[in-house]
Amino acid sequence: MLKNITLSADEELIEKARKRAQADKTTLNASFRQWLKTFANSSFKAQDYDELMQTLSYVKSDKKYTRDELNER
């Protein structure tokens with residue numbers, strides 16, 4: 001179910017956003033919905049990163065590598 005919300009922004013900014021959406025062959029409303037979805041899910045990405053780093057915490061580097069060593073394949 002979609003729910004309406006009211007937002008306020010600078011008139012020039014809204015007009016620029018509408019033109020950008022039109023250039024992208026979409027609407028400002030659709031662009032905002034996509035942004036809102038990305039924004040709402042972004043905190044989970046940070047949590048995923050933290051979990052990954054925790055699983056890799058066993059990796060220890062006891063020496064400083066040279067540029068050549070880092071670029072070896």
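As the structure is a computational prediction, the values presented were derived from the model and not from experiment.
Listed by chain and number, the hydrophobic cluster partners of Tyr65 are Leu70, where partners are ILVMFWY side chains within reach of under 4.5 Å, directly or through others.
For Leu2, the side-chain contact (heavy atoms from CB on, under 4.5 Å) partners two or more places apart in sequence, or in a different chain, are Arg33. Thr66 is linked by a side chain to side chain donor-acceptor pair (under 3.5 Å) to Glu69, counting only residues two or more places apart in sequence or in another chain. For the side-chain contact (heavy atoms from CB on, under 4.5 Å) test, residues two or more places apart in sequence or in another chain that qualify with Glu51 are Gln47, Asp48.
Leu13 and Ile5 are members of different hydrophobic clusters when ILVMFWY side chains are connected at heavy-atom separations under 4.5 Å. Connection of Tyr58 to Met53 is established within a shared hydrophobic cluster, with ILVMFWY side chains joined at heavy-atom distances below 4.5 Å, either directly or through further cluster members.
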Show me the side-chain donor-acceptor pairs of residues 19-31 shorter than 3.5 Å, one per line, residues at least two apart or across chains.
residue	atom	partner	partner atom	Å
Arg20	NE	Asp24	OD2	3.1
Thr27	OG1	Ala30	N	2.9
Ser31	OG	Thr27	O	3.0

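Counting only residues at least two apart or on different chains, the ring pair (Phe, Tyr, Trp, His ring centres under 6.0 Å) pairs with a member in residues 1-32 are Phe32-Trp35.
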